[in-house]
Amino acid sequence: QDIAGNVYSVLAQRRALIDVEEPIEGTPLTMIKAFLPVSESFGFTAFLRSNTAGQAFPNCTFHHWDELTGDPLTEGNQVYEIVKKIRKRKGLKEDVPPLENYMDKL
């Protein structure tokens with residue numbers, strides 16, 4: 001049972017939304033279905049396995065897109081931080097360039 005607590009902790013740290021928790025009949029196993037943002041899925045398997053001593057394993061499939069609320073160009077909100085992390089992971093400058101960089105200067 002304490003493994004399930006560790007799984008919930010990992011999911012919470014990765015901004016997952018729990019959908020269903022179902023015990024599997026005839027086994028001591030529990031299936032937990034959750035919606036995990038794609039940006040949080042990188043390295044998720046290793047993170048989950050390390051936090052549960054290898055006793056939990058994920059099976060990830062795409063389910064749906066969801067819109068984030070907030071302005072990615074305004075500091076101090078979650079969307080801005082997500083965009084910043086993704087830009088860093090891709091090797092881009094963390095701050096989004098201003099629109100003037102793309103305007104025709106002729």
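This one's a predicted model, so the numbers in the text were calculated from it and none came from an experiment.
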>> Filter on side-chain hydrogen bond (donor to acceptor under 3.5 Å, both in side chains), then keep only pairs touching residues 43-55, sequence neighbours left out; what's left?
In response: none

Considering only distance and modelled atom types, tabulate donor-acceptor pairs under 3.5 Å from the side chains of residues 56-75, sequence neighbours left out.
residue : atom : partner : partner atom : Å
D71     : OD1  : L73     : N            : 3.0
D71     : OD2  : T74     : OG1          : 2.7

> Can you list the other members of the hydrophobic cluster that holds I24, where links are side-chain heavy atoms under 4.5 angstrom apart?
Replying inline: L29, M31

>> Taking salt bridge (charged side-chain N to carboxylate O under 4.0 Å, His left out) as the cut-off, I'd like each qualifying pair that reaches into residues 50-59, sequence neighbours left out, listed once.
In response: none

>> Once salt bridge (Lys or Arg N to Asp or Glu O under 4.0 Å) is applied, do any residues pair with E81, and if so which ones, sequence neighbours excluded?
In response: none

> How far does CG of D19 sit from CD1 of I32, to the nearest 0.5 angstrom?
Replying inline: 12.0 Å

>> Could you work out, with side chain to side chain donor-acceptor pair (under 3.5 Å) as the rule, every residue matching S9, not counting sequence neighbours?
In response: Q13

> What pairs of residues pass the salt bridge (charged side-chain N to carboxylate O under 4.0 Å, His left out) test when at least one of them lies in residues 24-46, not counting sequence neighbours?
Replying inline: R15-E40

> Would you call T30 and E21 a side-chain contact if the rule is heavy atoms closer than 4.5 Å?
Replying inline: yes

>> Under the ring pair (Phe, Tyr, Trp, His ring centres under 6.0 Å) definition, can you give me all pairs with a residue in residues 86-106, not counting sequence neighbours?
In response: none

With a 3.5 Å cut-off and sequence neighbours excluded, list the donor-acceptor pairs that the side chains of residues 83-99 form with protein atoms.
residue : atom : partner : partner atom : Å
R87     : NE   : K93     : O            : 2.7
R87     : NH2  : K93     : O            : 3.1
D95     : OD1  : Y80     : OH           : 3.0

>> Just to verify, what does F44 make a ring-ring contact (aromatic ring centres under 6.0 Å, His included) with, not counting sequence neighbours?
In response: none

> How close do A34 and L11 get, heavy atom to heavy atom, and via which atoms?
Replying inline: CB-CD1, 4.1 Å

> Side-chain heavy atoms under 4.5 angstrom apart, residues restricted to Ile, Leu, Val, Met, Phe, Trp, Tyr: same cluster for F47 and I18?
Replying inline: yes

